[in-house]
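Every value quoted in this text rests on a predicted model; they were computed, and no experiment measured them.
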Amino acid sequence: MISKQTIDKIFSAVRVEEIIGEYVQLKRTGSNFKGLSPFHDEKTPSFVVSPSKQIWKDFSSGKGGTAISFLMDIENFTYPEALRHAAKKYGIEIEEDKTELSDEQKQAQTDKELLYKIHEIASEFYQNLLFETEEGRTIGYSYFKERELRDDIIKKFHLGYSPEQRNAFTEFALNKGYGKEILEKSGLSIFPENAPNGIDRFRERVVFPIHSFSGRVLGFGARILKNNVKTAKYLNSPETEIYHKSSVLYGLNQGKQAISKNNLCLLVEGYMDVVALHQAGIENVVASSGTALTVDQIKLIKRLTENVTILFDGDPAGIKASFRSIDLLLAEEMNIRILLFPDGDDPDSFARKHPREYVENFIAKEAKDFIDFKAEILLKEAGDDPIKKAEAIRDIVKSVAFVKNALKREVYLKEVATKFGLSEQSLFNELNVQKQIQQQNSPQQKSEPQQKAKMEVVAPEIISVNPLLELEEKLVKHMLNFGDRVLEKSDAENKPFKITVIEEIISHFEEDDYEIQSPINAKIISELKHGLQNNEIITSGFFLTLMDESLVQKVSSAILEADELSNWEKSNIFPPKPGEKLEAEIEDDILIHKSHFIEKLIYDIVKKLGSSTEGDENEYLENLKKIMILKSLLNEINKKLNRQLTKGHNFFKEQKL
């Protein structure tokens, strides 16, 4: 287990804006950063990062927490995995407690964790064979050298070689103690009936590890080097619990910072295109991982930039396939351009022929918008045939129909009208037709009638607000935000004394034997009490380092308000800062909470009297006496709050009694 001392070092070193900035395109707004939620589709940014508080909050999904909890959410890390990832990034050495793991903790090493581990071991195995064995150097390393790759680039992408021996890695992994079951699940090994010792999936191939956004190995792509073998040129890992090829982009881990910095992503077809461009010094590049471009892959890019340039060679099949990618990118509100390399060239060969500056200038100057690109390709095919020409224009308008922004659509249609000498009205008519076709083909549209039917028969939900819980939340929030703030108070004899916010509020809870409504609040208050017993004022930062995800989310939500989304200063509006009138606010909140609590006590006694059919007359009179005392106390509190009972928040009315 990671020692508490190491955990403290990690939390001290980690910067939430740096961690999240690798996944989300952040823009400074006042003292905070804002961006689009990586967990929820949205057009208006509702994701806030606070460098001063070292927390984040996603107001669209309700998630929030620290840099570590973000890694857990975005990468599906366990708490220790997130800590190790952060420690590696900030160069912190992990110190382990020498505590022996329990059987339950050992059992917690799930198949998923084993899958990550076996892929990491496989990647190291293939890299080692490439550099350290004669076969690897003669075959695999020689191939990469023929492609003019430098050693630093080979190592940057962890390229490797799987040898001719049919079960080299399988035998290695079995000797390391990994079982056949996990090797089969990973797809790295196959165990047919005629080969009980297993067969390596990627034997006799150079290997390209496929990494997650954070750099973990998820799977592999592998290229055969022999030309006389009847098998697929490229072979990819099968789908596993950790590898879903439609949700992964090759090179994203190595290129994410450059994509964000340049505010542009270059999209290519092959592994070697990515590697060659990196060697040329152009790092803002990714490739779809053995699949046609998907919505999930586009969303990965959109975290970093909304600008994409697609780089293609002159292959006709690839060009036609790009049309689908264009429509998907437009539907996800991306700004796209397309570049065709000269005949006989692809990004790999072009980058090797020319210096970096030439390649960058060529991409910037020669890339076309999607209208010019589709027009050039389709009209060339149509020739002088008016019917084919009309179909080509219809195909272009179909792409425009995927654009969600009305202003952009109009600009694009004006461009088409000018280019082809057509009336704008005829193009707008065609646009409406294409939009109707898209809506009819949309799975969401098909399911709407069923959803409407469900809505008609379901009774409206009655939302009941618990006023006690509402005030309890406010008081807990005060303790988390201003717990160590000292209040100036006076006792019954008007003698001044000082007390912290935490002590004042906990004293209030204990004074009335109040039962905490929320289990999470009960946990927080229990920790705060424990701190007081040890003469320590616990701050919100303490909770943010705990492994309890519900606590972390609760505390981060309490200390990062929704108004953090607004940059009021920009509009010369300066609202009161939190805590400016803290003493009066806490006094009022405690009194209001006390009044609700008394109303609840009165309600419980009245309910008890109403439900009993027979009973002790003395008990009945005693309960009436309690009600009178409580009502008298309630009136006193309401006087302090300058409000009458009838104008207040009456518990009986709330419960509709």
* Asked: Can you name the residues that form a salt bridge (charged side-chain N to carboxylate O under 4.0 Å, His left out) with Glu81, not counting sequence neighbours?
  -> Arg216
Return a table of donor-acceptor pairs under 3.5 angstrom between the side chains of residues 85-93 and protein atoms on other chains or two or more places apart.
| from | atom 1 | to | atom 2 | distance (Å) |
| --- | --- | --- | --- | --- |
| Lys89 | NZ | Glu22 | OE2 | 2.6 |
| Tyr90 | OH | Arg15 | N | 3.1 |
| Tyr90 | OH | Glu18 | OE1 | 2.6 |

* **Residues which pass side chain to side chain donor-acceptor pair (under 3.5 Å) with Lys474, listed by chain and number, not counting sequence neighbours** => Asp589
* Asked: Is it true that atom CD of Glu42 has more than 12 heavy atoms of other residues, nucleotides or ligands lying nearer than 6.0 Å?
  -> yes
* **Results of salt bridge (charged side-chain N to carboxylate O under 4.0 Å, His left out) for Lys43 - residues two or more places apart only** => none
* Asked: Which residues pass the salt bridge (charged side-chain N to carboxylate O under 4.0 Å, His left out) test with Glu306, sequence neighbours left out?
  -> none
* Structure fact -> Sorted by chain and number, sequence neighbours left out, side chain to side chain donor-acceptor pair (under 3.5 Å) with Tyr23 holds for Glu75
* Hey, could you give me each pair passing ring-ring contact (aromatic ring centres under 6.0 Å, His included) that has a residue in residues 510-552? Not counting sequence neighbours. => Phe509-Tyr514, Tyr514-His593, Tyr514-Phe597
* To do: State whether a side-chain donor-acceptor pair under 3.5 Å links Lys185 with Thr240.
  => no
* Is there any salt bridge (charged side-chain N to carboxylate O under 4.0 Å, His left out) pair reaching into residues 59-74, and which pairs are they, with sequence neighbours excluded? -> Lys63-Asp73
* Asked: What residues, two or more places apart in sequence or in another chain, satisfy side chain to side chain donor-acceptor pair (under 3.5 Å) together with Lys523?
  -> Asp548
* **By side chain to side chain donor-acceptor pair (under 3.5 Å) - contacts of Lys261 (at least two apart)** => none
* Structure fact -> His119 meets the ring pair (Phe, Tyr, Trp, His ring centres under 6.0 Å) criterion, sequence neighbours left out, with Phe220
* To do: Kindly write out the residues that satisfy salt bridge (charged side-chain N to carboxylate O under 4.0 Å, His left out) with Glu510, not counting sequence neighbours, or none if the list is empty.
  => Lys529
* Asked: Are the side chain of Ser260 and the backbone of Gln257 linked by a donor-acceptor contact shorter than 3.5 Å?
  -> no
